[in-house]
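A quick write-up on the structure given underneath.
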Amino acid sequence: MELFTYMEEYDYEQVVVCQDKESGLKAIIAIHDTTLGPALGGTRMWTYETEEAAFEDALRLAKGMTYKNAAAGLNLGGGKTVIIGDPKKDKNEAMFRAFGRFIQGLNGRYITAEDVGTTVEDMDLVYSETDYVTGVSPAFGSSGNPSPVTAYGVYVGMKAAAKEAFGTDSLEGKTVAVQGVGNVAYNMCRYLHEEGAKLVVTDINKDSVKKAVEEFGARAVDIDDIYDVDCDIYSPCALGATVNDETIPRLKAKVIAGAANNQLLENRHGDIIQDKGIVYAPDYVINSGGVINVADELLGYNRERAMKKVETIYDSIAKIMDISRRDQVPTYVAANRLAEERIETMRKSRRQFLQNGMNILSRGR
Ligand SMILES: NC(=O)c1ccc[n+]([C@@H]2O[C@H](COP(=O)([O-])OP(=O)(O)OC[C@H]3O[C@@H](n4cnc5c(N)ncnc54)[C@H](O)[C@@H]3O)[C@@H](O)[C@H]2O)c1
Ligand SMILES: CC(C)C[C@H](N)C(=O)O
C-alpha cells in the first residue's frame, strides 16, 4: 500500500505510528476526519499477518468511525487505533500506559475506547496517563464496557431491518445465524433468545459457543458452515469483510444485520446483495450503540439519556430503508449519503474564523 496515495484517495487527515521498545507497543492511530469534532474510535489489538494489513485495518476502521459518528448525530470525527500483538499473550501495564501518553500527545484530537482485543481494564491503564479515553471503569464516573449497549442497538436495528424484509419487526420464531459470540453478540443473543428467536452460532472460541448453547439453546455449527445455514437473518459479529464474492452465493438469509465493522469486503458487495433482495442494515449505523454510549461521557454520563439515543437506531435503520426505496439505491449508499451530507453541511457552516487558544495580537510579547 502506498500510504500517502491511500490517505489522499480517502482524504485521511493523520496517521500516527507509535513504538515503545520496553513494553513492546506497536500502535497505529488513524485519524480520518475531524470536521464534526475530535476523532473518537476504539483500540483494536490483533495479530496481523503483515504491517500493511494492520495499517489497512486501522485506516478502514477510522473511516468507518467518521461515518458512524456522523450518522449517529454525534459531534465527533472518526479515528481508530490498532495495536499489533496477541491480546492473550502480549499485553502489559507499561504498554497501555505508553499508549496513553501517545494519545495525550495528540492533545484531544483523538479519544479512544475499547474494540476487539481490548477491555475496560486496558482502558483504565490508558486513563492513568490521559483523559482522552472513554469506556473506563464506572468507578471513575465512566460508562464502562460499551459492548452490552452496542448489543442492544444491534437488536433494535435488526428488528427495523426485519420489518422491511418480513413486514413485522417481531423476531419470534426467526432463525438468526450469529458469526462470533463475543462481547457484543453474547448480549445480543440474550435479547434474541428472550424474544423467542432461534439461534445458530459459531466462534473460533469453543467456550463462547458452549455458553451460547447452554444459556440460549443455540445450535452450534463449524466456522465455515455459518454461511450455509438455513436462516432468516445472518448476523456477522466477528471481524469484517465476510460479505464477499465467496459467501454471498451461499447466504440464505433475507436480512444481514450484525455488529461487525466493515462487513462488506467492497462496496460492490452492497450492490450485489441489494440486487438479490437481501435487506442489509448498514454496519456503522446498526452498531453505533457503543459509541453513542461512550460519547455520552463527554456530556457527563447519563445512562438513561444514552439508552434513549441508542433506541433511535431503530428509526435510523427504518429511515435508511425509506431512502433506499425512494432513491432506488442500496442501503449502504443511503447511509453514506446521510453521513456525508451532515459532514458537508457542517464543513460549510464552519467557514467563519473563530480564534481559539493563543491571542494573536499578543504574539511576541
Ligand atoms: N464492542 C463494541 O461495543 C463494538 C461496537 C461496534 C462495533 N463492534 C464490532 O463488533 C465486532 C465484535 O466486537 P466484540 O467487542 O464483540 O469483539 P469480541 O472480540 O468480544 O468478539 C468477537 C468474537 O468473534 C470471534 N471470532 C473471531 N474470528 C472469527 C471467525 N473467523 N469466525 C467466528 N468467530 C470469530 C472471536 O473468537 C470472538 O469471540 C467487531 O467487529 C467490533 O469491531 C464492537
Ligand atoms: C465504543 C466505540 C468507541 C468503539 C467501538 N468498538 C466501535 O467500533 O464502534
Side-chain angles (χ1 to χ4, degrees), residues 38-47 57-58 60-69 71-72 74 76-82 86-88 110-120 122-123 126 132-136 142-154 157 177-189 200-212 220-227 234-243 247 257-263 282-298 306 310 313:
L40 173 57
T43 297
R44 175 170 294 190
M45 185 163 182
W46 197 251
T47 47
D57 207 26
R60 266 168 61 85
L61 289 164
K63 183 162 175 267
M65 290 310 298
T66 297
Y67 281 72
K68 187 181 302 194
N69 293 340
L74 301 171
L76 291 165
K80 200 96 177 189
T81 300
V82 305
D86 185 337
K88 290 203 184 83
Y110 171 68
I111 303 168
T112 200
E114 293 85 349
D115 193 68
V116 174
T118 59
T119 62
V120 173
D122 301 331
M123 293 307 129
V126 174
Y132 301 121
V133 52
T134 54
V136 301
S142 169
S143 59
N145 183 355
S147 305
V149 186
T150 302
Y152 184 62
V154 176
V178 183
Q179 181 176 40
V181 248
N183 289 317
V184 175
Y186 169 77
N187 288 286
M188 180 190 79
C189 285
V200 182
V201 300
T202 193
D203 199 296
I204 49 176
N205 181 337
K206 294 301 155 220
D207 291 340
S208 304
V209 171
K210 190 164 171 265
K211 212 166 145 192
V221 295
D222 285 343
I223 297 293
D224 191 55
D225 293 347
I226 197 76
Y227 303 110
Y234 163 56
S235 187
C237 296
L239 300 184
T242 62
V243 180
T247 60
N261 283 308
N262 297 333
Q263 293 170 23
D283 46 14
Y284 64 76
V285 179
I286 195 168
N287 74 14
S288 61
V291 77
I292 291 171
N293 193 49
V294 300
D296 197 82
E297 290 182 29
L298 308 177
V310 173
I313 290 174

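One-based numbering, in listed order, for ligands and for the atoms of each.
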Completion exercise
Minimal heavy-atom distance between Val184 and Ala259, with the atoms involved, is CG1-CB, 3.5 Å

Exercise for the section: Would you mind reporting whether Trp46 and Val82 have side-chain heavy atoms less than 4.5 Å apart? Expected result: no

Practice task
Name the closest protein heavy atom to atom 1 (N) of ligand 1, giving the residue it belongs to and the distance to 0.1 Å.
Solution key: Ser147 OG, 3.1 Å

Practice task
Verify whether one side chain among Tyr110 and Thr81 offers a donor that lies under 3.5 Å from an acceptor in the other.
Solution key: yes

Practice task
Identify, chain by chain and in numerical order, each protein residue with a heavy atom under 4.0 Å from an atom of ligand 2.
Solution key: Gly42, Met65, Lys68, Lys80, Ala113, Glu114, Asp115, Pro146, Asn261, Gly290, Val291, Val294

Handout entry: Closest to atom 15 (O) of ligand 1 among Val184, Asn145, Thr119, Thr202 (heavy-atom distance)
Key = Val184

Problem - Atoms in ligand 1 with a heavy atom of Lys68 nearer than 4.0 Å - result: 6 (C)

Fill in the blank from the handout: Heavy-atom proximity to atom 12 (C) of ligand 1, picking from Gly182, Pro146, Cys237, points to Cys237

Handout entry: salt bridge (charged side-chain N to carboxylate O under 4.0 Å, His left out) against Asp224, all qualifying residues, sequence neighbours excluded
Key = Arg250

Handout entry: Pairing residues for Thr202 by the side-chain hydrogen bond (donor to acceptor under 3.5 Å, both in side chains) criterion, not counting sequence neighbours
Key = none

Exercise for the section: With heavy atoms under 4.0 Å as the rule, classify the contact between Gln263 and ligand 1 as side chain, backbone, both or neither. Expected result: neither

Fill in the blank from the handout: Min over Ile204, Asp283, Asn261, Leu61 of heavy-atom distance to atom 31 (N) of ligand 1 lands on Ile204

Exercise for the section: Have a look at ligand 1 and work out which part of Glu114, if any, has a heavy atom under 4.0 Å from it: side chain, backbone, both or neither. Expected result: neither

Handout entry: Options Asp115, Asp222, Val116, ranked by nearest heavy atom to atom 13 (O) of ligand 1, top entry
Key = Val116

Exercise for the section: Start with the C-alpha distance between Leu239 and Arg44, add both sets of side-chain angles, then the distance that settles side chain to side chain contact (heavy atoms under 4.5 Å, CB included), and finish with yes or no. Expected result: CA-CA 11 Å; Leu239 300 184; Arg44 175 170 294 190; 3.9 Å; yes

Completion exercise
Checking heavy-atom distances from atom 40 (C) of ligand 1 to each of Gly64, Ala259, Ala238, Gly258, the winner is Ala238

Practice task
Would you mind reporting whether Asp283 and Asn261 have side-chain heavy atoms less than 4.5 Å apart?
Solution key: no

Practice task
Using the side-chain hydrogen bond (donor to acceptor under 3.5 Å, both in side chains) rule, take Tyr234 and Thr247 through it: C-alpha gap first, then chi angles, then the decisive distance, then the call.
Solution key: CA-CA 11 Å; Tyr234 163 56; Thr247 60; over 6 Å; no

Handout entry: Nearest non-hydrogen protein atom, atom 20 (O) of ligand 1
Key = Asn183 N, 2.9 Å

Practice task
For Asp122, enumerate each residue passing the salt bridge (charged side-chain N to carboxylate O under 4.0 Å, His left out) test, keeping only those at least two apart in sequence or located in another chain.
Solution key: Lys91

Problem - Nearest option to atom 37 (O) of ligand 1, as decided by whichever heavy atom of Asp203, Asn287, Asn262 sits closest - result: Asp203

Exercise for the section: Return the minimal non-hydrogen interatomic distance between Leu76 and Ala295, and the atom names on each side. Expected result: CD1-CB, 3.7 Å

Problem - Side-chain (Glu114) to main-chain (Met123) donor-acceptor, under 3.5 angstrom - result: no

Practice task
Quick one: look up the protein heavy atom nearest atom 3 (O) of ligand 1 and list residue, atom name and how far away it is.
Solution key: Thr150 OG1, 2.6 Å

